[in-house]
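Numbered from 1 within each chain, the chains take letters A, B, ... in sequence-line order.
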Amino acid sequence: MLLSDVARASEEIAATRSRSAKTAVLAGVFRAAGPDEAPIVIPYLAGRLPQRRTGVGWSTLRDVPAPAAAPSLTVGDVDRALTAIAAVAGPGARAERRRLLDGLLGAATEREQHFLLRLIGGELRQGALDALAVEGLAAATGAAPEEVRRAVMLGGSLGAVARALLADGPGAPAGFRLEVGRPVLPMLARSAKDVDEALDRLGPCAVEEKLDGVRVQVHRDGGDVRVFTRTLDEITGRLPELVGAALELPVSSVVLDGEAVALDAAGRPHAFQDVAGRVGTRTEGAGTKASTLPLSAVFFDVLAVEGRELLALPTAERHAVLARVVPESLRVRRLVVADPSDETARASARDFAADVLRDGREGVMLKALDAAYVAGRRGAAWLKVKPVHTLDLVILAAEWGHGRRHGRLSNLHLGARRPDGSFAMLGKTFKGLTDDMLAWQTDRLGSLAVSDDGYVVRVRPELVVEIAFDGLQRSSRYPAGVTLRFARVVRYREDKGPEEADTVETVLGFLP
DNA sequence: TTCCGACAGTGGGGTCGCAAT
DNA sequence: ATTGCGACCCCACTATCGGAA
């Protein structure tokens, strides 16, 4: 199969907003792909590379050689080239990657280059990713879409499921099971405003403390332990403490879902930044603070034990198994609310949430007691509740948006007032803006503009905006030494002048 | 007919490893 | 020793399609 066929399909997919039409195009390409090509073409049209890491990013992709006149590249050629690029390392690596990349791009037509640049850059933006690729694969092979989805989530990558479908026919996805040692896409949560809203939405549920760390899935098969992240990267070698803890459990085979965290002597959690730094450290005992921070795990779910898959069991039953398999010190704190219509029970849930916040936790998770573990889905059965803070800040500048925000001022630079009347930038946000707000702010900020370099528009610091955020984190980039975590726009405050905006002092009051 | 679940897009900050400077 | 890039940890929110109610 030629790369140009794939590039043309991607253009067709991007050209329609109809998901069924996108799926039809995907199915057509997958049908035409040979057995060796399908495991390459399917990830490509899901916007991903089978290589995952190539060492090539936006900077390398800035300079592009002249395009070829006619298409000649096959998807196999592209895959081999990218595998070679990903393997480059050591002194001179940059130049060698550059050389190999130029060879690939130089053999591509303009249309193919356009596709490759966005694919390698991780910004295909054709309105279809994994979910529609799954639909397309099901349509192409006659398999049931829900079965294909389940097989992919259970650890077959898209490519692996495609191979099985081509080899064994439409029944193949049903053969995929959870296997100890092969990671499953973790179940995700939605947000709720507060505990009461969550209780109303869920009915009988468990309330759990939510710790701010790194999601981990721990597989133990006898003496063999493997640890995976939320995106299924293996990090076993970086978390020897968790491996040790898993080996001490009174089982021979288990799959656990939990969080890697760092607790101090008093049991209070360290900042997320410190946990992430430690998890990201590959070299042992590098001497920095982060690399020596001891980690521990808190588990909140069990997906399999002693060869038995538990995904379909209701939450309450999985929790019962978890309590048998994992000692209390390695489990999240939990309160069961059997009857959310009982005001006493609701009050105890609110108290529980307040308690865990006092102990430095990030918030709480509420989980419906009757829900199965739905791998890879952000279902309505798990709800997270975190406290939200707000500040009134001044817009210092705005950046021109991309994609559907092209031509609109999008990303806002936010500042807090200093005593001398100047402003300290605290970070940026593009979140929470409706199309109407984008149109309005483009116009309004345009009238306040003092400069525009085509990327950033600086404005007179006069417009006040209410910003919600989850907390502060330390920053070496911004002048106050802190930045806002997960900042998003709530509303414009045209009733306030910049002299009424919140001060740096007020901001620093949010430090823990 | 209206509602709502699932998806994709639009980007945010920090930190580490590695190669280049 | 410092800097820049790439990769990956955390993520919120809105718009839209299409099936459910």
Enumerate the protein-to-nucleotides 11-15 of chain C contacts in which both atoms are nitrogen or oxygen and the separation is below 3.5 Å.
residue : atom : partner  : partner atom : Å
C/dA12  : OP1  : A/Lys386 : NZ           : 3.2
C/dA12  : OP2  : A/Lys384 : NZ           : 3.3
C/dA12  : O3'  : A/Arg488 : NE           : 2.9
C/dC13  : OP1  : A/Arg488 : NE           : 2.7
C/dA15  : OP1  : A/Asp435 : N            : 3.0
C/dA15  : O3'  : A/Arg404 : NH2          : 3.3

Open item on the list: Has A/Arg404 got a side-chain atom pairing as donor or acceptor with A/His402's backbone, closer than 3.5 angstrom?
Closed with: no

Open item on the list: Within the 4.0 Å heavy-atom criterion, would you say A/Arg52 contacts the bases, only the backbone, or no part of the nucleic acid?
Closed with: nothing

Open item on the list: It should be established whether A/Gln273 places a side-chain nitrogen or oxygen under 4.0 Å from OP1 or OP2 of nucleotide B/dT15.
Closed with: yes

TODO: Round to the nearest Å and state the distance from A/Arg474 atom CZ to C/dC10 atom C1'.
DONE: 14 Å

Open item on the list: Between A/Arg215 and A/Glu259, does any NZ, NE, NH1 or NH2 come within less than 4.0 Å of an OD or OE carboxylate oxygen?
Closed with: no

Open item on the list: So for atom CZ, which belongs to A/Arg458, do other residues, nucleotides or ligands contribute more than 12 heavy atoms lying within a distance under 6.0 Å?
Closed with: no

Task: Out of B/dG14, B/dA8, B/dG12, whichever nucleotide has its closest atom nearest the side chain of A/Leu132 - done: B/dA8

Task: Which residue lies more 5' along DNA chain B, comparing A/Pro91 with A/Ala380 via nearest heavy atoms - done: A/Ala380

Open item on the list: In this structure, how many angstroms lie between the C1' atom of B/dG5 and the CE atom of A/Met187, rounded?
Closed with: 14 Å

- [ ] Output yes when at least one side-chain N/O atom of A/Ser20 is less than 4.0 Å from OP1 or OP2 of C/dC17, else no.
- [x] no

Task: Closest to the A/Ala131 side chain, choosing from C/dC9, B/dA8, C/dC5 - done: B/dA8

- [ ] Would you check if there is a donor-acceptor pair between the side chains of A/Gln473 and A/Thr483 at a distance under 3.5 Å?
- [x] no

- [ ] Give a yes/no answer on whether the side chain of A/Arg190 brings an N or O atom under 4.0 Å of OP1 or OP2 in B/dG5.
- [x] yes

Task: Short side-chain N/O contact from A/Trp58 to OP1 or OP2 of C/dG6, under 4.0 Å - done: yes

Open item on the list: Assuming nearest nucleotide by heavy-atom distance, tell me which of A/Gly280 and A/Tyr478 is located more 5' along DNA chain B.
Closed with: A/Tyr478

- [ ] Mind checking A/Thr429 for me? I need base, sugar-phosphate or nothing, with any heavy atom below 4.0 Å counting as a touch.
- [x] nothing

Task: Integer-rounded Å distance: C/dC9 C1' and A/Leu232 CG - done: 14 Å

Task: Selection from B/dA19, C/dC17, B/dG17 that lies nearest to any side-chain heavy atom of A/Arg17 - done: C/dC17

Task: A/His402 side-chain proximity, nearest of B/dG11, B/dT15, B/dC7 - done: B/dG11

- [ ] Rounded to the nearest angstrom, tell me the gap between atom CD in A/Glu96 and atom P in B/dA20.
- [x] 11 Å

Open item on the list: Within the 3.5 Å criterion, strictly below it, is a donor on A/Ser18 or A/Thr16 matched to an acceptor on the partner's side chain?
Closed with: no

Open item on the list: Using the side-chain heavy atoms of A/Thr281, tell me which of these nucleotides is nearest: B/dG17, B/dG11, B/dC7.
Closed with: B/dG17

Task: B/dT10 OP1/OP2 closer than 4.0 Å to side-chain N/O of A/Arg408 - done: no

Open item on the list: Just the rounded figure in Å: distance from P of C/dC10 to CZ of A/Arg278.
Closed with: 15 Å

Task: Atom pair distance, as rounded to whole Å: CZ in A/Arg53 and C1' in B/dG17 - done: 11 Å

Open item on the list: If the cut-off is 4.0 Å, is A/Ser476 near the phosphate of B/dG14, judged by side-chain N/O to OP1 or OP2?
Closed with: no

TODO: Sort out the partner of C/dG19 for me: Watson-Crick or G-U wobble, both distances under 3.5 Å, none otherwise.
DONE: B/dC3

Open item on the list: Is the phosphate of B/dC7 approached by A/Arg377 (side-chain N or O, under 4.0 Å from OP1 or OP2)?
Closed with: yes

TODO: Could you check A/Val216 against A/Thr54 and say which one's nearest nucleotide on DNA chain C is further toward the 5' end?
DONE: A/Thr54

- [ ] Anything under 30° is parallel, anything over 60° is perpendicular, the rest tilted; go ahead and classify A/Phe510 against A/Phe469.
- [x] perpendicular

TODO: Measure from the side-chain heavy atoms of A/Arg125 and tell me the nearest of B/dT10, C/dC9, B/dG12.
DONE: B/dT10

Open item on the list: Starting the side chain at C-beta, find the nucleotide from C/dC5, B/dG9, C/dG18 nearest to A/Leu129.
Closed with: B/dG9

Open item on the list: Quick one about A/Tyr492 and A/Glu466 (side-chain donor to acceptor, distance below 3.5 Å, no hydrogens or angles considered), yes or no?
Closed with: no

Task: Options B/dA19, C/dG6, C/dC9, nucleotide nearest the side-chain atoms of A/Ser59 - done: C/dG6

Task: Qualifying residues under side-chain hydrogen bond (donor to acceptor under 3.5 Å, both in side chains), relative to A/Arg201, sequence neighbours excluded - done: A/Glu197

Task: Length of the CG-C1' vector between A/Leu49 and C/dA7, whole Å - done: 13 Å

TODO: Rounded off to whole Å, could you give me the CZ-to-P distance for the A/Arg282 and C/dC9 pair?
DONE: 9 Å

TODO: Choose from C/dC5, B/dT15, C/dC8 the nucleotide whose nearest atom is closest to any side-chain atom of A/Thr60.
DONE: C/dC5

Open item on the list: Salt bridge check, A/Glu399 against A/Arg405: does any charged N sit closer than 4.0 Å to a carboxylate O?
Closed with: no

